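Residues take their numbers from the sequence shown, with the count starting at 1. All values derive from a computational prediction rather than experimental measurement.
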Amino acid sequence: QVVLVESGGGLVQAGGSLRLSCAAPGRTFSSYAAGWFRQAPGKEREFVAAITRSVGSTNYADSVKGRFTIPGDNAKNTVYLQMNNLKHEETAVYYCAATNYYGATSNQNDYAYWGQGNQVTVSS
């Protein structure tokens, strides 16, 4: 069952921006941590960013710090990922995830709920 629904992916040129959305129909993120992961072709899924919804604290992979943010104006059932200055090597399928037990963890095994994936292609 797909619990989380993603949107906002697409094709951009290197240096461009995209904003991904992740919605949890019938649920609220207020008591969850939400995370973003990505999987590039031929590679393992890796952590991108996460937020502890109750306090708004965030956790970012070193590779995206200063460029990616999880905005603080999320609706209670929606979380976003603002991606700026995208690089070609960041072409990947991006996934959102949620947990009802942990904070802004980078460990994908801590997440019980996942979106369907959203293709982001960054042209060079």
Rounded distance (nearest 0.5 Å) linking atom [atom1] of [X] with atom [atom2] of [Y]:
X: Ser63; Y: Lys87; atom1: OG; atom2: NZ; result: 7.5 Å
X: Leu11; Y: Gln119; atom1: CG; atom2: CD; result: 9.5 Å
X: Arg38; Y: Phe68; atom1: CZ; atom2: CZ; result: 5.0 Å

Okay, side chain of [X], backbone of [Y]: is any donor-acceptor separation there less than 3.5 Å?
X: Thr52; Y: Ala33; value: no
X: Asn118; Y: Ser7; value: yes
X: Thr99; Y: Asp110; value: yes

Least distance between heavy atoms, [X] atom then [Y] atom:
X: Pro41; Y: Thr91; result: CD-O, 3.8 Å
X: Thr69; Y: Tyr60; result: CA-OH, 3.3 Å
X: Ala104; Y: Ser57; result: CB-O, 4.2 Å
X: Ser17; Y: Asn84; result: OG-OD1, 3.0 Å

Are the side chains of [Y] and [X] in contact, using a 4.5 Å heavy-atom criterion?
X: Glu6; Y: Trp36; answer: yes
X: Glu90; Y: Met83; answer: no
X: Ile70; Y: Leu81; answer: yes
X: Leu86; Y: Gln13; answer: no

Practice item. Could you walk me through whether Phe47 and Thr105 pass the side-chain contact (heavy atoms from CB on, under 4.5 Å) test, one step at a time? Key: CA-CA 9 Å; Phe47 170 73; Thr105 173; over 6 Å; no

**Study point:** Passing option when Tyr111 is tested against Phe37, Tyr95, Tyr102 for ring pair (Phe, Tyr, Trp, His ring centres under 6.0 Å)
**Key:**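 Of the listed residues Phe37, Tyr95, Tyr102, the ring pair (Phe, Tyr, Trp, His ring centres under 6.0 Å) partner of Tyr111 is Phe37.
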
